[in-house]
Amino acid sequence: MNTTYDPTAIERKWQQRWQETGIYEVDLAHAKQPYYNLMMFPYPSAEGLHVGNVYAFTGADIHGRYQAMRGKDVFEPMGFDAFGIHSENFAIKRGIHPKTLIAGNVRHFREQLTRLGGRFAWSHAVETTDPDYYRWTQWIFLQFFKAGLAQRRKAPVNWCPSCKTVLANEQVISGRCERCDSEVGQRELEQWFFDITRYADRLLDNLDHLDWSDVIKTAQRNWIGRSDGAELRFALVKDQAKAISVFTTRPDTAFGATFLVLAPEHPLVGDLKTPETEAEVEAYVRQAAERSQEDRVGGQDKTGVFTGGYAVNPFNGKQIPIYIADYVLYGYGTGAIMAVPGHDARDFDFATKYGLPIVRVVAGPDGDRSTLTAAYEDTGTAIASGPFDGLPTAEAKEAAIRLAEERGIGQRHRTYHLRNWLISRQRYWGPPIPVVYCDRCGTVGVPEEELPVLLPDVQDFVPKGTGESPLAAIPSFVETTCPSCHGPARRETDVSDNFLDSAWYFLRYPSSHDEEHAFDPDLTRKWLPVDSYIGGKEHAVLHLLYTRFVCMALHDLGYLDFEEPFERFRAHGVIVRGGTKMSKSRGNVVNPDEFFDRYGADTLRSYLMFMGPYEEGGDFSDQGIEGIYRFLNRVYHLVRKNAGQSASAASPDVVRLRHQTIRRVTEDVEGLKYNTALAALMEYLNGLQRASSVAREDLQTLVLLLAPFAPHLTEELWQALGQSYSVHQAAWPTYDADVLVAKTVTLVVQVDGKLRERLQLPAGLDEAAVREAALHSDAVRRFLPDGASLRFVHVPDRLLSIVTR
RNA sequence: GCGGGCGUGGCGGAAUGGUAGACGCGUGGGACUUAGAAUCCCAUGGGGACACCCGUGAGAGUUCGAAUCUCUCCGCCCGCACCA
């Protein structure tokens with residue numbers, strides 16, 4: 001008998017059997033206990049599956065396998081997110097058409113995912129680049145267009161000079177392009193937007209009820225960035241009919257507003273300048289336009305110039321000067337602020353630099369009214385504020401808003417950090433936006449029956465940087481007829497953002513073969529919302545926010561009966577190596593293929609899960625993986641050696657250990673604490689190896705509990721134990737709480753908080769008996785002063801604490 | 001600057017108010033072997049006058065009892081960042 005553990009042979013054998021028997025496919029229409037187990041589908045890069053993907057998918061797959069053994073009909077689909085700038089840029093670099101490139105990458109990814117041993121329902125795989133898929137991406141665009149949620153308008157937008165396209169706000173990271181790290185500039189362009197800001201309140205408020213990792217909820221709350229305050233109008237001195245609107249969260253400090261500041265791009269700047277200031281103002285505006293976003297934001301030193309104009313502070317009637325400065329952002333609020341240097345640090349800096357008056361209008365705690373040496377930004381009591389004097393900040397805010405509304409100089413207002421979603425891209429590799437421009441009929445949506453608008457198969461797909469997509473250079477694509485009047489018309493040549501493709505893929509999985517609908521109403525009702533979604537934190541405000549928005553909008557349009565797509569979302573951690581992030585430049589990237597070859601998928605899966613808590617990630621060590629490999633070897637040999645034995649009765653200790661292990665592993669797997677689940681299995685194995693005899697049931701339990709982690713090895717051992725195929729369809733073991741109760745316990749005795757004795761006692765003793773036992777111990781008595789009065793704290797079966805003080 | 005997380009042996013980590021360091025790596029010793037590999041067994045936080053003391057980033061506090069709760073400080077990681 002060959003008893004060597006040969007992962008390569010075992011894994012190949014069972015992968016083939018799983019495929020032949022289709023055990024991971026689900027009868028979607030008739031499933032009794034549907035459980036939708038989702039993970040973030042990958043971007044099929046040329047480098048192949050990253051170990052980060054392996055980590056993410058393994059953790060989610062273990063969850064799916066566990067749910068299946070709990071009797072759920074688990075649907076665990078997989079797909080490929082293959083449109084977008086990343087693969088397009090790579091294709092340009094290599095001079096290979098992205099279509100060719102992606103096909104090869106997808107093939108490679110599928111092989112690797114199969115080697116990983118995931119329980120994927122491959123018959124429902126989707127590829128976002130498939131016309132049968134993006135046809136429905138275009139369909140969603142059209143529904144939004146018809147509902148007025150998709151609009152084309154001119155706006156200042158982020159422009160990546162290297163990718164030669166616009167970017168959504170979420171794709172600009174500290175002033176740089178998310179994809180290529182180039183510095184992003186601003187351009188005023190006509191673009192397509194999805195009006196996600198209309199949903200800002202719902203996107204924010206729904207978070208309270210979602211079972212999601214807190215990190216993600218916090219990130220979304222911050223990104224949406226709702227703030228409540230007022231919009232106030234300051235009339236111009238020169239022309240009382242004109243006013244500057246400002247947004248403030250502190251209307252209570254309006255009496256302290258000693259000047260106004262406009263963003264350099266503000267439309268009223270032209271009206272304000274005087275012959276004396278004109279040259280300086282124009283120079284500043286020009287300079288601001290040239291500076292990159294990063295430069296403007298980076299420097300803490302504030303710059304600005306006086307426009308020459310004055311406004312009236314409507315609260316105290318004083319004339320105050322109007323400045324322009326680039327610390328005020330055109331894109332936020334109204335692009336203008338009332339500067340309250342006494343109570344805002346930025347305004348304080350600016351006022352100090354340009355010698356502007358600083359007035360205190362909020363007294364600090366204990367009525368502190370001293371002269372300010374720095375901005376006082378906390379709350380307090382209003383002073384020097386006319387009718388608001390003596391009111392605490394919160395009340396003064398309300399009073400100020402009321403007063404503004406009564407006098408018609410402003411109103412309550414709420415604003416958001418969230419911007420509308422810019423979805424058009426001047427690129428080739430994406431779904432064409434299904435719109436036609438007609439001189440007579442205007443902007444017309446492509447009729448649904450004409451979808452998909454196919455992406456033409458062309459040789460030259462390199463972006464030109466003219467602000468137009470490469471598609472604009474293809475007359476056969478551009479020239480068309482108007483669907484409405486049949487006259488000559490031009491197609492939209494921009495493609496949609498890659499994040500639109502991935503904002504609905506999980507709706508498509510169950511309906512992947514449906515040619516009539518984007519998603520079948522019955523299947524969708526049965527399978528959605530998703531039961532469990534696991535993915536990376538990096539998508540906290542990109543994918544996860546867009547997805548929620550798309551579902552909410554589809555719900556409002558009557559296509560979905562839920563508004564939140566993911567009931568439960570868990571963010572997994574990040575794998576590092578040697579304490580630092582893996583990157584090509586550091587040369588510390590783990591190539592999964594190497595480890596599949598050397599140890600097998602079961603070992604790599606288990607090791608990745610053993611490195612640390614799944615939600616926190618871990619440190620990959622080439623030596624550490626040996627420990628898991630040894631563990632699986634020991635499991636293999638123990639089971640093989642004892643498989644033939646009859647179901648002999650095991651010792652009570654082993655029985656209790658078995659039940660304890662079932663409980664620990666079950667609870668840990670439920671809580672994604674895979675590292676401690678494996679530790680419990682190791683302890684169990686150690687216990688079985690030490691035991692004089694091992695019963696059949698002990699081995700079966702070991703195999704069942706290990707099955708989600710090491711699916712191939714356990715399948716092999718399940719067969720060796722004479723059980724019927726498949727271990728992955730067997731029932732998860734249960735434990736008996738009565739068996740867990742130990743007959744003897746180790747009871748710890750503390751004297752004044754220090755551990756002095758461990759007593760082996762029968763379980764369930766009352767306090768009097770425990771005291772008696774403790775006071776008989778020399779180790780305890782030694783620390784008890786003569787004649788001291790003693791106090792006792794008793795924790796049954798755990799501890800007795802004796803206090804002498 | 002704001003928000004979130006983290007800080008425990010040589011290393012990854014366990015313990016979320018009750019035996020600090022489970023489990024694994026590494027290391028030392030032993031068994032088996034002609035030898036090695038593999039495997040198995042024992043030991044492994046520091047100190048020590050060995051029936052003890054110290055120890056969870058630092059300091060204080062609450063408690064019979066704190067890695068765990070509270071406050072202050074230091075350090076690291078992640079997200080956002082002149083958001084009015």
Side-chain angles (χ1 to χ4, degrees), chain A residues 4 173-175 214-223 225-227 229 246-250 253 261 296-302 325-329 331-340 343-347 349-350 415-419 537-538 540-541 573-574 576 578-581 607 610-613 615-628 630-631 633-634 637 664 673 675-686 689-690 746-758 778-779 782 790-795 798-805:
Chain A
T4 310
I173 313 295
S174 304
D214 283 334
V215 254
I216 306 294
K217 293 213 252 188
T218 305
Q220 293 212 348
R221 287 194 184 103
N222 291 343
W223 187 260
R226 179 161 78 190
S227 50
V246 303
F247 174 73
T248 178
T249 55
R250 293 293 300 272
T253 62
V261 188
R296 280 177 64 163
V297 167
Q300 291 305 346
D301 191 35
K302 308 232 174 330
D326 63 9
Y327 81 91
V328 173
L329 307 174
Y332 185 78
T334 61
I337 61 159
M338 63 172 199
V340 185
H343 304 285
D344 181 284
R346 295 155 302 180
D347 298 342
D349 290 348
F350 194 82
T415 191
Y416 305 89
H417 169 241
L418 180 71
R419 304 265 75 97
K537 296 178 180 57
E538 67 277 14
V541 294
V574 177
V576 297
T580 48
K581 222 163 139 177
Y607 178 58
F610 185 64
M611 287 186 326
E615 291 173 88
E616 283 164 42
D619 199 336
F620 192 98
S621 140
D622 291 23
Q623 279 177 334
I625 196 170
E626 292 281 352
I628 286 283
R630 272 176 223 161
F631 166 66
N633 262 289
R634 287 167 60 206
H637 288 112
R664 287 175 66 186
K673 299 289 187 322
N675 56 331
T676 47
L678 282 161
L681 286 169
M682 289 173 179
E683 286 185 62
Y684 181 47
L685 177 70
N686 290 342
Q689 284 193 322
R690 224 162 277 149
T746 305
L747 192 134
V748 171
V749 183
Q750 292 180 356
V751 179
D752 292 330
K754 281 197 192 291
L755 182 119
R756 296 303 180 191
E757 175 70 304
R758 292 159 216 253
D778 287 341
R782 198 168 340 123
L790 303 178
R791 250 182 74 211
F792 297 88
V793 179
H794 179 233
V795 181
R798 292 203 68 105
L799 162 141
L800 182 74
S801 184
I802 305 174
V803 190
T804 68
R805 287 168 272 138

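Throughout, protein chains are lettered first and strands after them, A, B, ... in sequence-line order, and every chain is numbered starting at 1.
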- request: Please state whether the phosphate of A22(B), meaning OP1 or OP2, lies under 4.0 angstrom from any side-chain nitrogen or oxygen of Arg664(A).
  value: no
query: Roughly how far apart, to the nearest Å, are G7(B) and C73(B) at atom C1'?
result: 14 Å
query: Judged by atom type as modelled, is there a donor-acceptor pair below 3.5 Å linking the side chain of His794(A) to the main-chain atoms of Leu800(A)?
result: no
query: Whole-Å distance between G24(B) C1' and Leu685(A) CG?
result: 13 Å
- prompt: Should the ring pair Phe620(A) and Tyr607(A) be called parallel, tilted or perpendicular, given that the plane angle runs from 0 to 90° and is split at 30 and 60?
  reply: perpendicular
G59(B) pairs with, by Watson-Crick or G-U criteria that keep both distances under 3.5 Å: C71(B)
message: Any side-chain N or O of Asn675(A) below 4.0 angstrom from OP1/OP2 of A14(B)?
response: yes
- prompt: Rounded to the Å, how far apart are Asp326(A) CG and A81(B) P?
  reply: 17 Å
Short side-chain N/O contact to C53(B) OP1/OP2 from Arg756(A), under 4.0 Å: yes
message: Could you tell me how far apart Leu799(A) (CG) and A20(B) (P) are, to the nearest whole angstrom?
response: 10 Å
message: Could you tell me how far apart Asp752(A) (CG) and U63(B) (P) are, to the nearest whole angstrom?
response: 15 Å
- prompt: Considering every strand shown, what is the Watson-Crick or G-U wobble mate of G9(B) when both distances are under 3.5 Å?
  reply: none
query: Just how far, in rounded Å, is C1' of C83(B) from CZ of Phe247(A)?
result: 9 Å
- request: Mind calculating the distance between CZ (Arg758(A)) and C1' (A51(B)) to the nearest angstrom?
  value: 14 Å
query: Any side-chain N or O of Arg634(A) less than 4.0 Å from the OP1 or OP2 oxygen of C40(B)?
result: yes
His794(A) NE2 to G17(B) P, straight-line distance once rounded to whole Å: 20 Å
task: For A84(B), take OP1 and OP2 only and decide whether either is under 4.0 Å from a side-chain N or O of Thr415(A).
output: no
- prompt: Does Arg250(A) place a side-chain N or O at less than 4.0 Å from the phosphate oxygens OP1/OP2 of A84(B)?
  reply: no
message: As a test of the definition: with a 90° window around 0 for syn, would you call C50(B) syn or anti?
response: syn
- prompt: Starting at CD1 of Ile337(A) and ending at P of C83(B), how long is that distance when rounded to a whole Å?
  reply: 10 Å
message: If the cut-off is 4.0 Å, is Arg630(A) near the phosphate of G26(B), judged by side-chain N/O to OP1 or OP2?
response: yes
message: Only pairs with both distances under 3.5 Å count, Watson-Crick or wobble alike; so what is the partner of C32(B) in this structure?
response: none
message: Looking at C52(B), I'd like to know if its phosphate oxygens (OP1 or OP2) sit under 4.0 Å from a side-chain N or O belonging to Arg782(A).
response: yes
query: Is a donor-acceptor contact shorter than 3.5 angstrom present between the side chain of Gln750(A) and the base of G18(B)?
result: yes
query: Taking only N and O in the side chain of Lys673(A), is any of them less than 4.0 Å away from OP1 or OP2 of A15(B)?
result: no
- request: Give a yes/no on whether any side-chain N or O of Asn686(A) is located under 4.0 angstrom from OP1 or OP2 of G24(B).
  value: yes
query: Step by step, would you call Leu681(A) with Leu685(A) a side chain to side chain contact (heavy atoms under 4.5 Å, CB included)?
result: CA-CA 6 Å; Leu681(A) 286 169; Leu685(A) 177 70; over 6 Å; no
task: Sort out the partner of A37(B) for me: Watson-Crick or G-U wobble, both distances under 3.5 Å, none otherwise.
output: none
- prompt: Is it true that a side-chain atom of Asp344(A) and a backbone atom of Ala339(A) form a donor plus acceptor pair closer than 3.5 Å?
  reply: no
